[in-house]
2 protein chains.
Amino acid sequence: MPHTYEFPRPALTVDCVVFGFDGSGLQVLLVKRGIEPFLGAWALPGGFVRMEENLESAARRELEEETSLREVFLEQLYSFGEPGRDPRGRVVSVAWYALVRPDQHPPKGDTDASDAAWFPIDGLPGLAFDHERILAMALDRLRGKIRYQPVGFELLPKRFTLTQIQALYEAILGRTIDKRNFRKKLLAFDFLIPLEEFTGGAHRPARLHRFDRRKYDALAKRGFLFEL
Amino acid sequence: MPHTYEFPRPALTVDCVVFGFDGSGLQVLLVKRGIEPFLGAWALPGGFVRMEENLESAARRELEEETSLREVFLEQLYSFGEPGRDPRGRVVSVAWYALVRPDQHPPKGDTDASDAAWFPIDGLPGLAFDHERILAMALDRLRGKIRYQPVGFELLPKRFTLTQIQALYEAILGRTIDKRNFRKKLLAFDFLIPLEEFTGGAHRPARLHRFDRRKYDALAKRGFLFEL
DNA sequence: GCAAAAGTGTTTATGTTACACCCATGT
DNA sequence: ACATGGGTGTAACATAAACACTTTTGC
């Protein structure tokens with residue numbers, strides 16, 4: 001019997017903090033627990049890691065099973081392993097955070113069986129386990145990351161207006177930003193492509209743009225700082 | 001039997017990337033493996049997590065057991081869980097990185113039983129498991145972190161000269177820095193306290209400074225950017 | 001024609017970069 | 001007295017911040 005097997009093992013789970021943006025505020029996707037413990041409470045989507053899958057696959061599988069979300073931006077956040085964080089016994093959780101575009105959002109009620117629902121970041125219900133702590137850490141990470149990595153685009157439609165992305169930055173950073181300075185700086189990076197398409201609606205149409213990842217990657221390799 | 005126990009479980013380990021600075025180059029502390037697999041190979045210090053300890057405690061315990069290091073700066077890095085990363089079976093490792101001051105370095109040969117030794121970052125031996133990948137990630141993290149968080153001081157003696165800290169930044173960032181600009185900026189932050197003590201040695205004595213964490217924390221709370 | 005959001009430049013202040021010489025000590 | 005590393009200021013340049021009005025559309 002290999003050395004490995006002489007030790008009792010903690011159980012291993014993954015949990016996902018799923019962020020969305022509705023045009024004015026940051027939101028988080030939660031699921032209502034259908035089993036004990038914390039039956040009926042809201043929690044982060046997640047579950048046990050299987051023996052043959054890697055950690056990211058486990059996170060993506062749970063995400064799809066519980067929220068129908070596929071092919072989202074997903075990045076590892078932190079691992080939580082306080083004894084006592086799960087009343088069932090020793091459970092270590094590898095936490096991830098995901099960013100999803102509005103056009104990827106699951107239609108409400110689409111999720112099979114137990115409920116999943118979006119909550120505004122400043123109107124969250126109490127959460128099961130230590131999920132509030134995990135969520136707080138994910139939010140910190142997002143706030144830090146968005147300032148020097150182009151992750152904001154993962155929360156917007158593929159084609160978006162400059163006003164939309166400014167609203168996103170203002171919502172996440174929690175302060176207003178000067179419109180002219182913001183646009184000047186963002187466009188100077190030269191990884192946003194202005195399209196010949198415009199929004200419709202009640203007022204002056206706004207030009208749509210898309211993020212050019214190739215251009216960004218090229219710049220990033222040349223040792224480049226984002227810093228919005 | 002609780003739900004938790006129905007699943008086969010990966011084994012859980014912690015591994016630590018321990019950085020040091022010898023005045024001119026960054027170094028990593030490795031241990032020579034005394035058991036299979038990879039017997040005789042160099043590896044990151046680490047080992048299995050016990051059922052009753054949290055992840056950080058496990059990392060600190062293994063660090064002390066294998067390298068005699070205590071009370072070092074320690075921060076979680078990432079969790080690695082590719083099936084196949086350990087030939088013994090499914091093993092998930094929560095990786096950490098540590099920063100140790102020269103005056104904390106274990107005297108060579110102090111470490112009980114199997115060897116531990118410092119290696120220069122650009123002269124590393126091949127490593128066991130996927131430890132090269134873990135180390136590469138730790139190095140990336142350190143390079144990124146040192147630019148906007150005051151972690152560099154954790155690699156220097158409590159009292160240090162400005163030339164020492166500049167050498168540290170140059171070694172980690174891999175480029176030379178202008179002496180006058182570096183000192184101007186660093187001192188302007190006002191969290192370095194100049195002492196009335198000086199180095200001895202062959203040349204003009206250099207003033208010693210210490211890092212004032214209270215002042216730094218106060219600044220940091222007022223929403224403050226380091227950015228060297 | 002009015003309400004609502006889109007779009008656009010210039011000036012000022014601040015921060016960053018480049019750069020060269022004198023000082024204090026031990027040998 | 002010389003070799004070695006310690007220490008210091010200023011000017012040019014680049015980036016960031018502040019700031020207000022005109023345009024386009026739907027109603």
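A, B, ... follow the sequence lines: proteins, then strands. Residue 1 opens every chain. Predicted, not measured: the structure shown is a model, and the values here were computed from it. The basis for the numbers below is simple: all heavy atoms, side chains too, and nothing from hydrogens, waters or symmetry mates.
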Nearest-Å distance for atom pair [atom1]/[atom2], residues [X] and [N]:
X: B:F182; N: D:dG9; atom1: CZ; atom2: P; answer: 18 Å
X: B:L162; N: D:dG7; atom1: CG; atom2: C1'; answer: 9 Å
X: A:K184; N: C:dG7; atom1: NZ; atom2: C1'; answer: 13 Å
X: B:R204; N: D:dG7; atom1: CZ; atom2: C1'; answer: 5 Å
X: B:N181; N: D:dA11; atom1: CG; atom2: C1'; answer: 12 Å
X: B:K179; N: C:dT17; atom1: NZ; atom2: P; answer: 18 Å
X: A:I165; N: C:dG7; atom1: CD1; atom2: P; answer: 14 Å
X: B:R180; N: D:dG6; atom1: CZ; atom2: C1'; answer: 13 Å

Looking at every strand, decide which applies to [X] at a 4.0 Å heavy-atom threshold: base, sugar-phosphate, or nothing.
X: A:R207; answer: sugar-phosphate
X: A:T163; answer: sugar-phosphate
X: B:G201; answer: sugar-phosphate

Would you call A:R60 and A:E64 a salt bridge, taking side-chain N to carboxylate O under 4.0 Å as the test?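 Looking at A:E64 together with A:R60, the answer is no, because their closest N to O distance does not fall below 4.0 Å.
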Does C:dT16 have its OP1 or OP2 closer than 4.0 Å to a side-chain nitrogen or oxygen of B:K185?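 Looking at the OP1 and OP2 atoms of C:dT16, one of them is under 4.0 Å from a side-chain N or O of B:K185.
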Considering the terminal five base pairs at each end of the helix from C:dG1-D:dC27 to C:dT27-D:dA1, what angle separates the two local helix axes, rounded to 10°?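 The end axes of the helix from C:dG1-D:dC27 to C:dT27-D:dA1 are about 0° apart, to the nearest 10°.
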Donor-acceptor pair present, B:H203 side chain and D:dT4 base, under 3.5 Å: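 Pair found.
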5'-most contact on DNA chain D: A:A202 or B:H209, nearest heavy atom basis?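 Of the two residues, B:H209 wins.
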Give a yes or no answer on whether the side chain of [X] reaches the backbone of [Y] with a donor-acceptor pair at less than 3.5 Å.
X: A:Y78; Y: B:L77; result: no
X: B:E62; Y: B:V14; result: no
X: B:E154; Y: B:V151; result: no
X: B:R207; Y: B:L195; result: yes
X: B:H131; Y: B:L44; result: yes

With a 6.0 Å cut-off (strictly less than), is the heavy-atom count around CZ of A:R159, excluding the residue itself, greater than 12?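 It does not: A:R159 CZ has 12 such atoms or fewer within range.
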